[in-house]
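Sequence lines set the chain letters: A, B, ... in the order given, protein chains first and strands last, and positions in each chain run from 1.
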Amino acid sequence: MSLRNLRNEAILLIDKLLQERKIDGINYTLVEPPSNAFGELTSNIAFQLAQRFNSNPYLVAKDLVDSLLIQLSNQRSRESLLNTIDAHPSGHINFRADWNVYPKAIIGEILDDSYGKFDFGKGKSVIIEHTSVNPNKALHVGHLRNMIIGDVLFRILSAVNYDTSVFYYVDDSGLQVADIVVGFMNAGFPIDPPDPATKFDQYCGNEVYVKINDLYIKNPDLQQKRKSVLKSIEKGNSDLSRFAKDISLRVLRDQLKTCWSLKVRYDLLNFESDIVASKMWEKMFELLKNKGRAAYETEGKNKGCWVIRGSDGDDDKVLIRSDGTLTYVAKDMPYAAWKLGLFSDPFLYRVFSEQWDTSILWAATLDTTVGSHAKRQFGGAEIVINLIDSRQSRLQTIISSTLSAVVKFEKERYMHLSYEPVTLSSRTAKSLGIDIGNTSAHMSGRKGIYVGADQIMEILYKKAKEEIRSRHPIMTDSELSGISESLGRAAVRYNMIKQDLERPIVFDLEESLSLDGDSGPYLQYAFARSQRLLEKGELTHRTNSLANLLHEKESNLIRELSKMDLIIEQCSSQLNPKLMARYAHKLAVAFNLYYEKVPILKETSESLVSARLLLVKAFNIVMRLALNYLGIDPLNRM
RNA sequence: GGGUCCGUAGCGUAGUCAGGAUAUCGCAGCGGUCUUCGGAACCGCAGAUCGAGGGAUCGAAGCCCUCCGGAUCCGCCA
């Protein structure tokens with residue numbers, strides 16, 4: 001808050017001055033300067049004015065600063081954090097805090113019990129749908145990116161007081177599931193994995209799914225089976241459809257184990273079969289027909305299908321196939337309408353499972369005979385965020401624009417949060433026995449080109465374990481494995497979140513093993529250091545010595561600490577989880593520099609020791625928050 | 001062909017929306033800190049015509065235009 005307060009103070013002065021001079025329409029910035037030597041905040045307002053009045057930026061800046069300083073001295077209150085304002089020869093106007101009171105203001109508010117409660121979301125409801133892996137295979141590293149972005153977003157939006165629900169969409173009625181069913185029913189795969197230690201999701205994905213796709217090529221009869229299986233799955237209410245549902249659920253349970261092991265959680269599972277059976281599509285279909293959006297083709301390549309007409313040059317999009325089954329688009333539109341609360345809720349909710357954080361994972365169902373239904377309603381959120389990779393952008397646009405053409409809602413409420421997918425580096429692909437030359441390869445479950453999420457986590461845990469053992473020869477096994485899992489999780493989570501969503505991640509096994517540098521464990525290390533200091537030192541709450549924190553490394557750390565509330569506001573309003581990762585890293589760097597250069601417990605002056613410990617405590621509090629938002633465990637030792 | 005996105009040191013990456021002060025951080029490389037609160041750290045060196053060209057501007061990595069290179073989508077798969 002303190003940086004925000006300082007900023008507001010400056011804005012107040014500037015706006016008042018502009019008002020007095022009857023200048024409007026100036027869109028100035030007031031931001032962190034490139035170097036601390038320029039103070040806490042800097043503004044480009046002199047450039048803007050110089051442009052408008054065709055004069056020299058520096059002269060404008062000097063003139064402005066003179067007036068601002070007079071105002072400041074007239075208005076300075078006891079709470080005032082602003083010390084001085086100066087005009088830099090370059091034309092920038094720099095604002096400096098009063099460092100007699102600034103450290104105490106910042107650290108004091110962090111140490112206060114009310115710190116860390118943000119309200120930018122103001123109870124607005126938001127649905128985040130992520131992961132949603134087809135229930136016929138285990139998760140691979142590509143899915144990790146989706147899941148972790150989604151989870152960090154959930155943590156941040158919840159922290160700023162959005163009313164969040166996390167959805168996992170289970171496509172249990174698609175072709176992929178039919179493939180597995182054909183594998184079991186018609187191609188002779190045993191239902192249980194030959195090796196009982198194999199996870200069922202991995203067995204289905206690595207064995208059955210990959211091999212059945214080969215068999216289709218050799219055996220056209222199987223293709224026919226596949227079609228008829230899909231049809232009866234979609235029709236429902238048969239032994240075959242129940243068998244398919246059982247298989248999906250069994251895979252899903254194993255997928256969830258992977259998600260939970262990374263400390264990702266969900267609120268609700270939605271099954272496509274239930275969405276189809278809910279008759280919401282029939283309602284949507286009527287709307288589409290009434291508004292002239294759906295058309296029946298009597299000739300051409302889509303003969304016998306219902307389609308949406310493509311707009312400006314795009315091809316038509318099939319809604320209902322010639323065999324009467326629904327495509328993804330057709331299934332997704334009524335579902336979207338339900339999420340937005342545009343359709344009444346056809347579902348009941350049953351307890352599916354308890355999760356690692358003791359929260360309940362619910363499942364939507366149409367079955368009225370199952371007990372323990374939820375009182376709460378899902379669906380009908382003010383904002384719906386669908387986390388899907390960028391390759392689906394076009395399709396998502398078709399869905400949302402068609403939907404908005406037939407039912408009325410504000411388009412911004414339904415968004416596709418897009419990110420670039422994860423590919424495999426050629427080196428890693430080669431290590432899997434796939435030669436793709438010097439480029440990177442897209443992962444494909446069907447072709448068997450992927451690195452499994454469970455496998456990569458195992459390798460990381462093992463690597464972390466070795467590291468820890470070399471540092472702490474004496475440690476109990478349970479502590480050792482607990483910490484190594486925390487480290488592995490931190491490494492993966494940080495890696496998946498730290499760069500821009502619009503940049504693809506080329507996954508390389510070797511590189512992902514690094515626990516140094518700009519990494520999750522680096523953040524944990526800084527936190528653990530602060531934790532050790534607080535354990536050894538004696539924390540007093542004598543805040544009056546805080547004004548002595550004038551070492552350069554101290555003021556830098558204090559500056560970083562003051563930014564949290566502006567950062568989390570930006571993260572949540574822009575749906576940009578990367579910013580939190582960047583901030584956490586900057587914070588850790590500032591602390592490590594402080595730790596290296598300034599003696600804390602070794603300091604001889606008692607009042608300085610307590611002031612420095614308070615600063616360490618403040619860092620500890622802010623860093624713990626940041627780590628929690630990122631889903632990284634704050635470790636006491638590592 | 002059309003749509004979307006990306007080109008920043010050997011590699012990866014921040015900054016681009018809201019133009020302004022020495023272009024961020026990491027990996028790899030070289031050298032150092034090691035009787036010092038935990039070396040998963042810290043310090044130093046070296047490494048970038050910000051894809052190319054043009055334009056508007058006092059000022060461009062950022063804005064506009066053209067081009068080049070790459071990714072991806074344009075299924076009765078989801």
Side-chain angles (χ1 to χ4, degrees), chain A residues 27-29 31 33-35 37-38 42 44 46-48 50-51 54-57 88-92 94 132 134 169 171 173-176 272 297 301-307 310 312-315 317-329 331-332 388-395 397 418 420-421 423 439-440 442 446 464 467-468 470-472 487 498-506 508 511 514-526 528-529 532-533 536-537 574 578 582 585-586 588-589 592-593 595-603 609 612 616 637-638:
Chain A
N27 223 342
Y28 64 90
T29 59
V31 296
S35 154
F38 299 128
T42 186
N44 66 350
F47 296 109
Q48 310 260 335
Q51 195 157 41
N54 204 10
S55 52
N56 177 309
H88 190 269
S90 63
H92 294 88
N94 297 326
S132 304
N134 288 334
Y169 181 76
D171 179 7
S173 65
L175 267 177
Q176 293 86 342
E272 188 169 276
E297 294 287 58
K301 61 171 184 169
N302 293 332
K303 187 178 174 186
C305 299
W306 282 88
V307 301
D312 44 43
D314 281 347
D315 279 352
K317 198 80 211 158
V318 173
L319 285 170
I320 307 180
R321 301 183 188 103
S322 52
D323 66 1
T325 56
L326 303 179
T327 62
Y328 167 69
V329 179
K331 291 171 187 169
D332 207 49
I388 312 172
D389 84 45
S390 65
R391 290 173 296 185
Q392 277 212 37
S393 295
R394 169 175 290 225
L395 199 51
T397 309
S418 159
E420 288 293 318
T423 59
T439 58
S440 61
H442 274 277
R446 196 160 38 82
E467 286 283 331
I468 301 163
S470 71
R471 285 159 222 260
H472 306 279
L487 283 175
K498 74 172 175 180
Q499 72 249 52
D500 201 278
L501 298 184
E502 284 180 330
R503 208 179 264 281
I505 292 180
V506 178
D508 187 88
E511 275 173 32
S514 164
L515 307 176
D516 305 328
D518 186 11
S519 71
Y522 178 90
L523 308 183
Q524 290 175 306
Y525 183 64
R529 275 178 153 179
R532 303 295 274 177
L533 287 173
K536 288 184 184 171
Q574 299 180 1
K578 164 187 73 175
R582 294 275 152 211
H585 182 253
K586 272 187 92 173
V589 169
N592 275 335
L593 292 181
Y595 185 92
E596 297 281 345
K597 295 297 169 210
V598 182
I600 297 160
L601 299 177
K602 288 183 302 185
E603 169 60 43
V609 171
R612 286 179 180 165
V616 171
R637 60 190 299 219
M638 53 189 274

Could you check if a side-chain atom of A:Leu601 sits within less than 4.5 angstrom of a side-chain atom of A:Arg612, using non-hydrogen atoms only? no
Is there aromatic stacking of A:Phe38 against B:A21, centre distance under 5.5 Å, plane angle under 30°? yes
Would you indicate which nucleotide in B:U13, B:G15, B:A21 comes nearest to any side-chain atom of A:Gln499? B:U13
Need one value for A:Ser418: base, sugar-phosphate or nothing, where a base atom within 4.0 Å counts as base even if backbone is also close, heavy atoms only. nothing
Would you kindly give the NZ-to-P distance between A:Lys597 and B:A41, to the nearest whole Å? 15 Å
With rounding to whole Å, what would you report as the distance between B:G44 and B:C5 at their C1' atoms? 39 Å
When you measure from the side-chain N and O atoms of A:Arg532 to the phosphate of B:A41, is any distance below 4.0 Å, counting only OP1 and OP2? no
Answer yes or no: does a side-chain N or O of A:Arg612 lie under 4.0 Å from OP1 or OP2 of B:C37? no
Once you round it to whole Å, what is the distance between P of B:C25 and NZ of A:Lys586? 10 Å
Does a side-chain N or O of A:Arg391 approach OP1 or OP2 of B:C5 to a distance below 4.0 Å, or not? no
Expressed as a whole number of angstroms, how long is the span from A:Ile388:CD1 to B:U4:C1'? 15 Å
Side-chain atoms of A:Asp315 come closest, of B:C74, B:C77, B:C76, to B:C74
Between B:U8, B:G39, B:A18, which one does the side chain of A:Tyr525 approach most closely? B:G39
With the side chain defined as heavy atoms from C-beta on, A:Arg321 is closest, among B:C37, B:A21, B:C77, to B:C77
State the pairing partner of B:U24; accept Watson-Crick or G-U wobble contacts with both distances under 3.5 Å, and report none otherwise. none
Quick check on B:U72: is either OP1 or OP2 less than 4.0 Å from any side-chain nitrogen or oxygen of A:His442? yes
Would you indicate what A:Asn54 reaches in the nucleic acid, counting non-hydrogen atoms under 4.0 angstrom: base, sugar-phosphate, or nothing? nothing
Measure from the side-chain heavy atoms of A:Tyr328 and tell me the nearest of B:G38, B:A14, B:A78. B:A78
With heavy-atom distances below 4.5 Å as the criterion, would you say the side chains of A:Leu593 and A:Val598 are in contact? no
Identify whether any heavy atom of A:Lys578 sits under 4.0 Å from a base atom; if not, whether one sits that close to sugar-phosphate; answer base, sugar-phosphate or nothing. sugar-phosphate
Contact class for A:Leu487 vs. all strands (heavy atom < 4.0 Å): base, sugar-phosphate, or nothing? base
Examine B:A41: is either OP1 or OP2 under 4.0 Å from a nitrogen or oxygen in the side chain of A:Arg529? Give yes or no. no
May I ask which nucleotide in the shown strands pairs with B:C42, Watson-Crick or G-U wobble, both distances under 3.5 Å? B:G32
Whether A:Tyr522 and A:His585 hold their rings parallel, tilted or perpendicular, with breakpoints at 30° and 60°: tilted
Rounded distance (Å) that lies between atom P of B:U72 and atom CZ of A:Arg503: 16 Å
A:Arg582 near the nucleic acid: base, sugar-phosphate alone, or nothing, with a heavy-atom cut-off under 4.0 Å? sugar-phosphate
How long is the line joining CZ of A:Phe47 and P of B:A21, in whole Å? 8 Å
Using atom CG of A:Asp389 as one end and atom P of B:U72 as the other, report the distance to the nearest whole Å. 11 Å
Quick one: A:His585 NE2 to B:A41 P, roughly how many Å, whole number? 9 Å
Base-pairing mate for B:U57 - Watson-Crick or G-U, with both contacts under 3.5 Å: none
Is the base of B:C73 touched by the side chain of A:Ser393 through a donor-acceptor pair closer than 3.5 angstrom? no
Which nucleotide in the list B:C37, B:G26, B:C5 gets nearest to the side chain of A:Lys536? B:C37
Pair A:Asp323 + A:Arg321, salt bridge at N-O below 4.0 Å: no
Answer yes if the side chains of A:Ser418 and A:Ser390 hold a donor-acceptor pair under 3.5 Å, and no otherwise. no
Atom P, compared across B:U33 and B:A14: separation rounded to whole Å: 35 Å
Check every strand shown and say whether A:Glu511 touches a base, only sugar-phosphate, or nothing at a heavy-atom separation below 4.0 Å. nothing
Have a look at A:Glu272 and say if it touches a base, only the backbone sugar-phosphate, or nothing, with a 4.0 Å heavy-atom cut-off. sugar-phosphate
I want to check one thing: is the phosphate of B:A78, taken as OP1 and OP2, less than 4.0 Å away from some side-chain N or O of A:Lys317? no
Got a salt bridge between A:Asp518 and A:Arg582, using NZ or NE/NH1/NH2 to carboxylate O under 4.0 Å? yes
Looking only at heavy atoms, the pair that brings A:Ser173 and A:Glu272 closest together is OG-OE2, 2.8 Å
Winner on side-chain proximity to A:Leu593, out of B:C42, B:A18, B:C77, is B:C42
According to the Watson-Crick and G-U wobble definitions, with both distances under 3.5 Å, which nucleotide is paired to B:U66? B:A52
So what's B:G47 paired with, Watson-Crick or G-U wobble, going by both distances under 3.5 Å? none
Give the nucleotide from the list B:A78, B:G3, B:G38 with an atom nearest to the side chain of A:Arg394. B:G3
Among B:A41, B:A78, B:A21, which is the nearest nucleotide to the side chain of A:Asp516? B:A41
Regarding A:Leu395, tell me which of base, sugar-phosphate or nothing describes its non-hydrogen contacts under 4.0 Å with the strands shown. base
Euclidean distance for P, B:C25 against B:G31 (whole angstrom): 23 Å
Within the 4.0 Å heavy-atom criterion, would you say A:Asn27 contacts the bases, only the backbone, or no part of the nucleic acid? nothing
Base, sugar-phosphate, or nothing for A:Val598, non-hydrogen atoms under 4.0 angstrom? base
Suppose we define a pair by two distances each less than 3.5 Å, Watson-Crick or G-U wobble; what does B:G1 pair with here? B:C74
Given B:A21, B:A78, B:C37, the nucleotide with the shortest approach to the side chain of A:Tyr595: B:C37
Closest-nucleotide mapping onto RNA chain B: is A:Ser514 or A:Lys498 further toward the 5' terminus? I mean the 5' end. A:Lys498
Measure from NE2 on A:His92 to P on B:G19 and round the result to the nearest Å. 12 Å
For B:A21, does the base pair up with any side-chain atom of A:Ser35 as donor and acceptor (N or O, under 3.5 Å, distance only)? no
Would you say the side chain of A:Gln524 lies within less than 4.5 Å of the side chain of A:Met638, judging by non-hydrogen atoms? yes
By nearest-heavy-atom nucleotide on RNA chain B, the more 5' of A:Asp500 and A:Tyr522 is A:Asp500
Can you tell whether the side chains of A:Glu502 and A:Lys578 come within less than 4.0 Å, N to carboxylate O? no
